[in-house]
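Comments concern the structure below.
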Amino acid sequence: MPTTDAGTEPDAGTEPDAGTEPDAGTEPDGGTEPDGGTEPVWHALPPGLLTMRRLLLVVWLGLLTLATALVPGLLAGPAWGAFAALPLALLLWGWVMLERNWRSWRYAERADDLLISRGVLWHEETVVPYGRMQLVEVTSGPVERHFGLASVQLHTAAAATDATIPGLDPDEAERLRDRLTELGEARSAGL
């Protein structure tokens, strides 16, 4: 089974652009599976997740920036309003980092397991065997529903292998849940 190095990121030429729909095509890590099979087909997360996270960042840090500028500025003098530069700088840094994080998330369905890859500084690749899945659920909070997103949560007997795929289209989340449940039942019956 292929793994990636801690410092590697997906190829820049195969990643989706910030304002476009991610390609559901392949994003190979290099090499082939030990059994001589083909590379897994990696699926990126939809751009709606990035939009939602950036909006939340702007709302929270925008309010903090405004409060940091107004309160000290009105109480202690206009020079103290310069402290608003700190949350503003954090907002700009977060804007860029959210995109890098969003680009790092991807998942692939293989014959015997599901791969979930994520991380910018610390790259993680989780392998969840279908036969070990006990529960697959689709969740969607109020903000996610507003943006037309849902998350798939995978629960296994070992809590360390539990995994989540955030920000999917609700139809894709339900398709994935049904497929993973079907494959999990088939694999666990064979154990």
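Note: hydrogens, waters and symmetry copies are ignored here, and every other heavy atom, side chains too, is used. Only a predicted model underlies this, so the values are computations on that prediction, with no experimental measurement involved.
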Distance-only donor-acceptor hits, side chain of residues 59-78, under 3.5 Å, sequence neighbours excluded:
| unit_1 | atom_1 | unit_2 | atom_2 | d |
| --- | --- | --- | --- | --- |
| Thr65 | OG1 | Leu61 | O | 2.7 |
| Thr68 | OG1 | Leu64 | O | 2.6 |

Decide yes or no for [X] and [Y]: does some side-chain heavy atom of the first lie under 4.5 Å from some side-chain heavy atom of the second?
{"X": "Pro166", "Y": "Arg53", "result": "yes"}
{"X": "Tyr107", "Y": "Leu176", "result": "yes"}
{"X": "Met52", "Y": "His146", "result": "no"}

Measuring from atom [atom1] of [X] to atom [atom2] of [Y], what distance do you get when rounded to the nearest 0.5 angstrom?
{"X": "Leu115", "Y": "Trp42", "atom1": "CG", "atom2": "CH2", "value": "4.5 Å"}
{"X": "Thr51", "Y": "Leu56", "atom1": "OG1", "atom2": "CG", "value": "11.0 Å"}
{"X": "Thr156", "Y": "Arg132", "atom1": "OG1", "atom2": "CZ", "value": "9.0 Å"}
{"X": "Leu98", "Y": "Leu55", "atom1": "CG", "atom2": "CG", "value": "11.5 Å"}
{"X": "Ile116", "Y": "Thr164", "atom1": "CD1", "atom2": "OG1", "value": "7.5 Å"}
{"X": "Leu45", "Y": "Leu168", "atom1": "CG", "atom2": "CG", "value": "6.0 Å"}

**OP:** Start with the C-alpha gap between Thr126 and Arg118, add the side-chain angles, then the distance that decides, and say whether side chain to side chain contact (heavy atoms under 4.5 Å, CB included) holds.
**Re:** CA-CA 9 Å; Thr126 305; Arg118 65 196 170 283; 3.2 Å; yes

Subject >> Backbone N/O of Val152 and side chain of Arg177: donor-acceptor pair under 3.5 Å >> reply: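 Absent.
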
Original post:
With hydrophobic residues grouped by side-chain heavy-atom distances under 4.5 Å, do Trp93 and Leu57 end up in a single group?
Top reply: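 Linked, Trp93 and Leu57 end up in one cluster.
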
Original post:
Under 4.5 Å between side-chain heavy atoms, hopping through other hydrophobics if needed: is there a path connecting Val58 to Met97?
Top reply: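 Yes; Met97 is reachable from Val58 via cluster members.
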
What pair of heavy atoms forms the shortest contact from [X] to [Y], and how long is it?
{"X": "Asp113", "Y": "Pro129", "answer": "CB-CA, 3.7 Å"}
{"X": "Ser151", "Y": "Glu144", "answer": "OG-OE2, 2.9 Å"}
{"X": "Ala108", "Y": "Val41", "answer": "CB-O, 3.3 Å"}
{"X": "Trp105", "Y": "Ile165", "answer": "CZ3-CA, 4.4 Å"}
{"X": "Ser140", "Y": "Leu149", "answer": "OG-O, 2.8 Å"}
{"X": "Tyr130", "Y": "Leu114", "answer": "CE2-N, 3.9 Å"}

Original post:
Between His43 and Glu109, do the side chains contain an N or O donor and an N or O acceptor separated by less than 3.5 Å?
Top reply: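 Looking only at side-chain atoms, Glu109 and His43 do not form any donor-acceptor pair under 3.5 Å.
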
Original post:
Does Arg179 come within less than 4.0 Å of Glu182, counting only side-chain N to carboxylate O?
Top reply: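 No, no charged N to carboxylate O under 4.0 Å.
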
**OP:** Evaluate the side-chain hydrogen bond (donor to acceptor under 3.5 Å, both in side chains) criterion for residues Ser104 and His123: first the C-alpha distance (whole Å), next the side-chain angles of each, then the deciding distance (0.1 Å), finally the verdict.
**Re:** CA-CA 8 Å; Ser104 75; His123 186 82; over 6 Å; no

